[in-house]
Amino acid sequence: MRGMNSESVDCIATDPPFNAKRVFNAPLGSKAAKQRFDDRWRWDEVTDEWQDLIATDHPAIKEIIEAAAVIEGGSIDHHTGRIDTGRRKNSIAAYLAYMAPRIVEMHRILKPTGVLFLQCNWEANSYLRLLLDAVFGRDNLINEIAWKSHPSKGLAKRRLPRNHGTIFAYGKTKKWKWNPSYEPYDLELLQQHYTKKEMKNLSLADQKTLEQYDKMEDGRRLTLDNIANPNKDRPNLTYEFLGINRVWRWTKDRMEKAYAEGRVVQEAPGLVPRFKRFLDEQPGRPRDDVWLDVMLPESSNTDWSTRKPIDLYDRLIECATDPGDMVLDPFAGCATTCVAAEYLNPSRQWTGIDIDPVAETETEKRLLESAGLFQVAVASVKVRKSLKRKDIPPVSPDKMRTVLWNQQGRRCANPYCDSDGLRAVDLHLDHRIPSVRGGEDDQSNRIGLCGNCNTRKGAKAWGLFLDQERAKQPHPTVGT
Ligand SMILES: C[S@@+](CC[C@H](N)C(=O)[O-])C[C@H]1O[C@@H](n2cnc3c(N)ncnc32)[C@H](O)[C@@H]1O
Ligand SMILES: [Zn+2]
């Protein structure tokens with residue numbers, strides 16, 4: 001993601017790995033591959049520069065991670081800023097430290113109208129919600145979607161069987177893109193609500209009972225809606241219509257037009273006229289945030305056990321994109337998101353990222369399997385091993401030095417450095433996230449150091465270097 005341009009993606013729909021119990025839930029093709037991920041959430045593996053970037057650029061995230069560590073029985077050394085997760089090697093705190101920079105990147109590459117759908121493990125979801133609030137903003141939480149994952153689960157002795165997934169939907173800004181989503185009406189609702197039919201030779205007034213209605217085989221199903229206005233004080237909507245004087249929902253012009261078109265009916269003289277709402281004109285029942293119809297098969301013994309139902313992604317993508325929009329899954333697995341984006345009609349553009357080499361062949365296989373039409377698509381699938389941002393304007397080293405010098409308060413970037421009288425030309429340019437880790441030349445990733453600091457830092461990660469510098473400072477004395 002660090003190699004992707006800012007604001008280049010319309011929708012991210014993803015299902016990151018989670019491994020609180022040291023049993024990674026994705027069989028990654030080979031045992032060796034599996035091994036690689038087993039230790040992923042160990043605190044000692046969290047790289048220093050991430051820790052530092054989080055601490056300096058995202059103080060809220062730092063506090064969330066620290067709180068998670070304390071909840072798990074760890075402690076914080078407030079002098080060095082180091083988190084000690086105690087004897088627990090596999091921790092939610094470490095998981096959050098892994099997810100945080102990725103969530104930050106997801107936010108950066110989304111367009112202002114973009115939407116993120118993040119599938120969360122039940123053990124981590126409330127922690128991830130905090131991270132997401134910190135990065136995307138609390139006000140941009142669109143939905144928490146709960147989807148039932150299996151038709152049934154075995155009895156659990158001391159709890160209810162766990163059987164739903166949680167997906168958080170966040171907008172990058174308040175201007176997020178959204179298409180309303182509908183599901184088919186159910187029969188019960190039809191019978192309760194759309195109880196009348198429009199027939200050539202039967203007036204609506206004659207359709208008294210449901211039995212009568214059930215006998216009618218053709219005609220358009222409809223219901224009569226209220227067009228009287230509950231508000232009393234609407235002078236411009238108050239007028240007489242078909243002998244009834246009151247406040248209406250519509251202006252007189254609109255009312256008369258609808259009446260002329262036969263859309264407004266007065267069932268008997270003296271009754272308040274009503275509006276004919278035809279079932280065949282309704283898009284369906286508005287879909288809510290509890291989904292019971294996108295389950296995984298009873299025994300999900302697919303080649304990729306974390307594979308998610310395609311209907312799930314289909315639906316998510318349709319909510320937040322238009323045809324041709326770019327959809328990204330940064331933890332693509334066997335590419336359910338990508339296949340869903342390709343399947344939609346008209347299809348969306350898509351990009352998938354996965355660290356596992358098996359994912360690449362799995363994805364190609366899946367694309368080929370899914371439909372013959374992918375023969376064409378696969379030919380145009382580009383596989384890249386690295387990516388470089390193209391939206392960073394080149395800046396000359398001299399200019400960069402001046403910019404950083406001003407930004408750093410006309411001094412060395414190391415806050416513990418006491419070098420004096422430093423000029424812009426004296427700065428040595430460095431990266432906070434080294435280029436080998438995908439760190440870009442973007443100004444936000446550059447620092448200017450004095451010669452002394454630059455030498456002492458050497459090839460060390462910036463975070464580690466800062467920790468060491470901090471540790472050299474006098475410790476505050478407790479008491480007086
Ligand atoms: C839960 S699976 C996603 C499954 C996917 N939704 C599907 O239906 O196939 C998580 C994926 O994240 C990948 N992954 C783990 N760490 C990663 C990393 N650092 N960068 C990219 N992908 C990673 C794993 O290889 C795995 O395929
Ligand atoms: Zn210095």
Side-chain angles (χ1 to χ4, degrees), residues 1-3 12-19 24-30 33-41 45-47 50 95 97-103 105-106 117-121 124 149 165 167 294 296 300 302-314 316-317 327-341 351-363 365-367 370 387 404-405 408-422 426-428 430 437-438 447-457 462 465-466 469 472:
M1 284 188 279
R2 284 192 173 131
I12 298 177
T14 194
D15 167 26
F18 182 78
N19 174 31
F24 189 64
N25 53 9
L28 294 154
S30 72
K34 186 167 184 240
Q35 206 55 45
R36 279 210 313 276
F37 299 101
D38 259 4
D39 296 330
R40 179 71 38 180
W41 324 133
E45 304 257 306
V46 175
T47 44
W50 290 351
Y95 179 62
Y98 163 86
M99 283 303 290
R102 291 173 168 81
I103 290 174
E105 287 303 294
M106 291 186 214
F117 295 104
L118 191 77
Q119 160 82 45
C120 299
N121 172 280
S149 26
I167 297 173
V294 285
L296 293 161
S300 62
T302 52
D303 34 352
W304 202 276
S305 78
T306 56
R307 178 159 160 174
K308 291 291 178 296
I310 191 145
D311 293 348
L312 177 64
Y313 283 95
D314 209 84
L316 297 173
I317 296 168
V327 178
L328 167 73
D329 187 344
F331 302 96
C334 61
T336 310
T337 307
C338 308
V339 173
T351 303
I353 304 174
D354 203 284
I355 199 168
D356 191 327
V358 185
E360 187 184 314
T361 44
E362 281 290 323
T363 301
K365 201 173 94 197
R366 182 105 185 262
L367 288 171
S370 299
L387 204 60
L404 291 175
W405 186 64
Q408 294 167 186
R410 312 189 157 204
R411 56 190 302 287
C412 170
N414 174 5
Y416 309 103
C417 168
D418 48 20
S419 60
D420 254 349
L422 201 69
D426 300 329
L427 285 185
H428 294 242
D430 200 1
R437 301 195 71 99
I447 38 170
L449 295 169
C450 72
N452 180 19
C453 288
N454 192 39
T455 312
R456 278 187 297 120
K457 177 175 173 289
W462 178 227
F465 173 70
L466 279 184
E469 294 289 291
K472 280 193 219 148

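Remember, it's 1-based here, ligands and their atoms both numbered in the order they're listed.
When all heavy atoms are compared, the tightest approach of Asp356 to Asp354 is N-OD1, 2.9 Å. Residue Asp15 comes nearest to Phe331 through the heavy atom pair O-CB, 3.9 Å, listed as atom of the first residue, atom of the second, then distance. Listed here is the closest heavy atom pair of Thr363 and Ala335: CG2-CB, 3.3 Å.
With rounding to the nearest 0.5 angstrom, the CG atom of Asp311 is 10.5 Å from the CG atom of Leu316.
Of the candidates Asp15, Asp354, Asp356, the one placing a heavy atom closest to atom 24 (C) of ligand 1 is Asp354.
Taking only nitrogen or oxygen atoms, main chain and side chain alike, Cys334 reaches within less than 3.5 Å of ligand 1. Here's the thing with Thr336: one of its N/O atoms is less than 3.5 angstrom from an N/O atom of ligand 1. Annotation: Ile353 places no N or O atom under 3.5 Å from an N or O atom of ligand 1; distance criterion only.
Contact analysis leaves Phe18 out of contact with ligand 1, as no non-hydrogen atom separation drops below 4.0 angstrom. Put simply, no part of Ala359 is less than 4.0 Å from ligand 1, judged by heavy atoms. Using a non-hydrogen distance threshold of 4.0 Å, Glu362 does not register as a contact of ligand 1.
Using a 4.0 Å cut-off between charged nitrogen and carboxylate oxygen, Arg102 and Glu105 do not count as a salt-bridge pair.
Within the 3.5 Å criterion, the main-chain N or O of Gly448 finds no donor-acceptor partner in the side chain of Trp405.
Residue-ligand proximity, Gly333 to ligand 1, at heavy-atom distances under 4.0 Å covers atoms 9 (O), 27 (O).
The angle Cys417:SG - the Zn ion (ligand 2) - Cys450:SG amounts to 110°, with values rounded to 10 degrees.
Ring planes of Phe18 and Tyr95: perpendicular class, angle over 60° (limits at 30 and 60°).
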